[in-house]
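As structure tokens, the structure follows; a few thoughts come after it.
Everything numeric here is computed off the predicted structure, so don't read it as measured data.
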Amino acid sequence: MLRKATPQDMDALVRFRCDVFGGSPEAAAGWLQHIAGLDNILLVLPEEDGADPAAMLGALPVECLGRQGVLFSGMATRPDWQGRGLMAKLIDGCLRAYAADGCEFAVTAQ
């Protein structure tokens with residue numbers, strides 16, 4: 001299931017980000033809240049209720065020279081879900097949705 005992150009996801013996202021990128025829980029929480037913003041984090045959740053995210057992607061709206069775009073950052077897939085093409089499908093779906101909403105470009109950054 002694909003959905004936006006909510007404040008209730010914060011603990012799981014902090015654990016997930018620390019597992020994937022390293023660093024402290026404080027740094028992970030700071031990125032989630034103040035760099036990306038929880039309302040810009042997309043999650044792929046396994047079918048089972050309460051499971052930690054299988055993947056996450058920050059999709060931040062940006063503007064350059066009056067053109068609307070999206071910055072993809074913080075891309076991460078849980079190790080046991082890697083190799084399934086999950087991130088490629090997630091980015092493809094996001095690009096289509098943002099293009100339909102008027103975005104003219106996309107940029108990726110880790």
| Would you call L13 and L38 a side-chain contact if the rule is heavy atoms closer than 4.5 Å? | yes
| Derivation of the side chain to side chain contact (heavy atoms under 4.5 Å, CB included) call for M56 and M75 | CA-CA 6 Å; M56 75 175 198; M75 297 176 267; over 6 Å; no
Exercise: identify the closest heavy-atom pair between [X] and [Y]:
{"X": "P46", "Y": "R78", "answer": "CG-NH2, 4.2 Å"}
{"X": "G74", "Y": "R17", "answer": "CA-NH1, 3.9 Å"}
{"X": "P53", "Y": "F16", "answer": "O-CE1, 4.0 Å"}

| said: D19: which residues meet the salt bridge (charged side-chain N to carboxylate O under 4.0 Å, His left out) condition with it, sequence neighbours left out? | reply: none
Distance-only donor-acceptor pairs under 3.5 Å for side chains of residues 83-95, two or more places apart:
{"residue": "R84", "atom": "NH2", "partner": "D80", "partner atom": "O", "Å": "3.4"}
{"residue": "D92", "atom": "OD2", "partner": "R96", "partner atom": "NE", "Å": "3.1"}

| field | Derivation of the side chain to side chain contact (heavy atoms under 4.5 Å, CB included) call for D9 and I41 | value | CA-CA 10 Å; D9 297 315; I41 302 290; over 6 Å; no
Show me the side-chain donor-acceptor pairs of residues 58-71 shorter than 3.5 Å, one per line, residues at least two apart or across chains.
{"residue": "E63", "atom": "OE1", "partner": "Q68", "partner atom": "NE2", "Å": "3.1"}
{"residue": "R67", "atom": "NH1", "partner": "E104", "partner atom": "OE1", "Å": "3.1"}

| task | May I ask you to say whether D52 pairs ionically with R15, meaning some side-chain N is under 4.0 Å from a carboxylate O? | result | yes
| said: Using the rule that Ile, Leu, Val, Met, Phe, Trp and Tyr join whenever any side-chain heavy atoms are under 4.5 Å apart, tell me whether F72 and V107 fall into a single cluster. | reply: no
| remark: Rounded to the nearest 0.5 angstrom, the NZ-CG distance for K4 and D39 is 6.0 Å
| said: If the test is side-chain contact (heavy atoms from CB on, under 4.5 Å), which one of L45, L57, L42, L43 qualifies with L2? | reply: L42
